[in-house]
K.L.:
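There's a structure below that I have some questions on.
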Amino acid sequence: MRKSFICGLLLLVQYPHLQAQQEPTSEEMLVLRRFVEYWKDGDYGIVKQGIFDFLDRHPDTGIADQLHAMLGDLYTQEGAFKEALAEYDQLVDSQIRKKIVVNYLYSAFNLQKFERVVCDAQSYLSRYGGDGQEKNLRVRQFLGDASLRRALECPKASEERKRLLLQAVSQYVFLKGAGRKEDILPGMAEAYHQLEEHAEASFCYKELAQDSPQAERFLFQAAVEESFFDKRKAAFTFMQAAEQGGQQAASASMNALVLLFQEDAFSDFLSAYSRLSRFLKDKQKLDIQFYVGQCYFAQKEYAAAVSPLENFVSSTAESLEDKKAALFSLLHAAHYLEDIPLLD
C-alpha cells in the first residue's frame, strides 16, 4: 500500500499542471516535493502536521487538491476512513480524483456507504474502465462487492435487489476471467446463493475448498447448496466435509446420513455410516440407530436390524413417532426371524 501511495504522489508532483485549480508557484512545488520526501521516509506525522499548517496559512493554494489527496491517503493508511472521505470530498480536479479512486472507494466501502461506492465505481468505469489495468480491476471488485452488500440491504423480493445481485455476478465473472479468482469467489458464491442459483454457488464453494485450510467450511457450504437440487450429491459432499475432521465433522456426518436415508440409498447409507460414525457425538449415535436399523430392515437383513432398533427404542429419543416406527420394524423382524423372545 505504501508503495502505491508514493507512486501516486510522485505523479502529482511530476504533472501539477494537469491537476491544480490554479498554476502552482515554484515555492508551492518545493513544499509539495518536501512533503513527498518526508512521506518516502515514513515520517507521516510530519507530513500531516505540515499540510495542516500550510493549508491554514494558504487556504487558496494552487496545490490544495494534491494536499487534500495526501491527507486522504494518510487517513486511509491509518484506517481513519471518515476523515479520509472528508479529505477526498474536497477534491475538485478530476485527474486527481482518478488517481486516488482506489483509496477513496476503500474508505467509502469500509464506512458501509455501499450505494455511494456503486455509483462512483460505475461512473469511473464508464470513463476509464475499458481495459484490464490493475486499478480498473480493483474498482470492478469494489463495484461487485458493494453491489452485493447493497443488495442484501434491499427487500428480498425487490427488483432492485435482483438487479444488484446480477450486477455483482457480472463483475465477478469479469474478474475471474482476468485471473482474480481468489479475490472474488466468496462474494460470487454468496451472490449466486442469494439468486437461488445453487449449482453455481456450490461450484464456487468447491473451488474455494481446493487447497484451502478452510476446506471443511467451504465443502459444508457447497453441500448445503447441493441439497437444494441433488440430495445424494450433497450427502457425499457432506461426507467430504466430515472427513476433514474439523469442528463441523459431527454435523456434516449427520447431514450426510439423513440425506442418504431420505433418498432410500440404504446401501450407501450403511457404507457411509461405517466411515462416519466415529465423528458423531454420543446423542447423535443414539439417534442414528433408528436409521441404521431401518436401512438393514429395508434390505431384509432382519438380524442386523434388531440391535440398532432395540438401542434406539431403549434410548431417550424424544420422537414418539420414530419409536413407534422402530417397534413396528422390530415386530416384523421378529416375525421374519421367528424370534419368539423378541416378539414378547
Side-chain angles (χ1 to χ4, degrees), residues 140-141 143-152 154 156 161-162 164-281 284-285 287-288 291 295:
R140 282 185 180 276
Q141 178 147 7
L143 177 55
D145 291 344
S147 295
L148 172 60
R149 297 289 290 273
R150 179 71 187 102
L152 297 179
C154 297
K156 281 199 171 183
R161 179 188 177 95
K162 183 177 181 180
L164 286 164
L165 288 170
L166 290 172
Q167 179 168 272
V169 167
S170 70
Q171 297 305 314
Y172 293 144
V173 168
F174 183 97
L175 289 163
K176 188 177 181 183
R180 304 294 284 263
K181 182 172 72 172
E182 292 77 10
D183 297 330
I184 56 85
L185 277 176
M188 194 177 201
E190 178 63 19
Y192 278 131
H193 170 76
Q194 295 296 331
L195 287 165
E196 298 184 5
E197 295 185 21
H198 300 295
E200 296 290 350
S202 174
F203 184 79
C204 289
Y205 283 121
K206 284 188 170 181
E207 282 195 283
L208 281 166
Q210 294 174 10
D211 302 318
S212 170
Q214 300 182 66
E216 179 194 52
R217 179 169 72 88
F218 293 133
L219 287 169
F220 192 100
Q221 194 59 49
V224 170
E225 299 294 337
E226 288 170 346
S227 68
F228 285 96
F229 63 90
D230 189 334
K231 289 185 177 181
R232 186 174 294 213
K233 184 177 183 180
F236 286 104
T237 304
F238 274 126
M239 288 174 64
Q240 286 182 276
E243 290 176 336
Q244 301 297 313
Q247 293 183 347
Q248 292 181 291
S251 296
S253 298
M254 197 69 178
N255 290 348
L257 294 169
V258 169
L259 287 173
L260 288 171
F261 185 81
Q262 290 176 347
E263 291 294 286
D264 295 337
F266 304 124
S267 178
D268 287 337
F269 175 99
L270 293 170
S271 176
Y273 176 70
S274 67
R275 292 166 55 183
L276 301 177
S277 59
R278 61 196 173 103
F279 298 119
L280 297 174
K281 296 178 181 178
Q284 291 174 320
K285 288 179 180 179
D287 291 341
I288 208 68
Y291 298 101
C295 284

K.L.:
Counting N and O atoms only, with roles assigned by atom type, does the side chain of Ser274 sit under 3.5 Å from a partner on the main chain of Ser271, one being a donor and the other an acceptor?
P.N.:
yes
K.L.:
Side chain of Gln284, backbone of Lys281: donor and acceptor closer than 3.5 Å?
P.N.:
yes
K.L.:
Less than 4.5 Å apart, any side-chain heavy atom of Leu152 and any of Arg161?
P.N.:
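Yes - at least one pair of side-chain heavy atoms lies under 4.5 Å apart.
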K.L.:
Could you go through the side-chain contact (heavy atoms from CB on, under 4.5 Å) check for Glu216 and Gln214 one step at a time?
P.N.:
CA-CA 5 Å; Glu216 179 194 52; Gln214 300 182 66; over 6 Å; no
K.L.:
Would Lys176 and Glu182 pass as an ion pair if we require N to O under 4.0 Å?
P.N.:
no
K.L.:
Which atom names give the shortest non-hydrogen contact between Ala222 and Ser202, and what distance separates them?
P.N.:
O-OG, 3.4 Å
K.L.:
Rounded to the nearest 0.5 Å, what's the gap from CD on Gln194 to CD on Glu196? Could you check?
P.N.:
9.0 Å
K.L.:
Quick one, Val169 with Leu195, criterion side-chain contact (heavy atoms from CB on, under 4.5 Å). Give me CA distance, side-chain angles, the key distance, then yes/no.
P.N.:
CA-CA 10 Å; Val169 167; Leu195 287 165; 3.9 Å; yes
K.L.:
Aromatic rings Phe269 and Phe261: how do their planes relate, parallel, tilted or perpendicular, breaks at 30° and 60°?
P.N.:
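Phe269 and Phe261: perpendicular rings.
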K.L.:
Side chains of His193 and Glu225: donor-acceptor distance under 3.5 Å anywhere?
P.N.:
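Side chains of His193 and Glu225: pair found under 3.5 Å.
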K.L.:
Is Met188 close to Val173 at the side-chain level, that is, under 4.5 Å between some pair of heavy atoms?
P.N.:
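In short, these two side chains touch, coming nearer than 4.5 Å.
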K.L.:
Contact between Ile184 and Asp145 at the side-chain level, heavy atoms closer than 4.5 Å - yes or no?
P.N.:
no
K.L.:
Check Lys206 against Thr237 and note the closest heavy-atom contact, atom names and distance.
P.N.:
NZ-OG1, 3.4 Å
K.L.:
Please give me the minimum heavy-atom distance between Ser227 and Ala234, naming the atom from each residue.
P.N.:
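Distance-wise, the nearest heavy atoms are N-CB, 3.5 Å.
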K.L.:
List the steps and the verdict of side-chain contact (heavy atoms from CB on, under 4.5 Å) for Met254 and Lys285.
P.N.:
CA-CA 9 Å; Met254 197 69 178; Lys285 288 179 180 179; over 6 Å; no
K.L.:
Would you mind telling me which of Asp268, Leu270, Asn255 makes a side-chain contact (heavy atoms from CB on, under 4.5 Å) with Leu260?
P.N.:
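Exactly one option meets the side-chain contact (heavy atoms from CB on, under 4.5 Å) with Leu260, and it is Asp268.
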K.L.:
Taking all atoms of both residues into account, what is the closest heavy-atom pair of Ala250 and Leu280, and its distance?
P.N.:
O-CD2, 4.0 Å
K.L.:
Hey, does Asp230 have a side-chain heavy atom less than 4.5 Å from the side chain of Arg232?
P.N.:
yes
K.L.:
Working to the nearest 0.5 Å, report the span between CG of Leu165 and CZ of Arg150.
P.N.:
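It is 11.5 Å, given to the nearest 0.5 Å.
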K.L.:
Would you say that more than 12 heavy atoms from the other residues, nucleotides or ligands in this model lie under 6.0 Å from the CD of Gln247, or not?
P.N.:
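Not buried by this count: 12 neighbours or fewer within 6.0 Å.
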K.L.:
Kindly give the heavy-atom pair with the smallest separation between Ala242 and Phe279, and that separation in Å.
P.N.:
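Closest pair (atom of Ala242, atom of Phe279, distance): O-CZ, 3.6 Å.
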K.L.:
Taking everything shown except Phe203 itself, do over 12 heavy atoms lie less than 6.0 Å from its CZ?
P.N.:
no
K.L.:
Carefully, step by step, assess Tyr172 and Leu148 under the rule side-chain contact (heavy atoms from CB on, under 4.5 Å).
P.N.:
CA-CA 10 Å; Tyr172 293 144; Leu148 172 60; 4.0 Å; yes
K.L.:
Please examine the side chains of Gln221 and Glu190, heavy atoms only from C-beta on, and report whether any two atoms are closer than 4.5 Å.
P.N.:
no
K.L.:
First locate atom CD of Glu197, then atom SG of Cys204, and finally report the distance between them rounded to the nearest 0.5 Å.
P.N.:
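Spacing of CD (Glu197) from SG (Cys204) equals 10.0 Å.
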K.L.:
When you compare the side chain of Leu219 with that of Tyr205, does any pair of heavy atoms fall below 4.5 Å?
P.N.:
no
K.L.:
Which pair of heavy atoms, one from Ala256 and one from Ala235, lies closest together, and at what distance?
P.N.:
CB-O, 3.3 Å
K.L.:
Are side-chain heavy atoms of Gln167 and Leu143 found at a separation under 4.5 Å?
P.N.:
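Answer yes - side chains close enough.
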K.L.:
Can you tell me how far apart CD (Glu226) and NE2 (His198) are? Round to the nearest 0.5 Å.
P.N.:
12.0 Å
K.L.:
Taking the side chain as every heavy atom from C-beta outward, state whether Phe238 and Ser253 have any pair of such atoms under 4.5 Å apart.
P.N.:
no
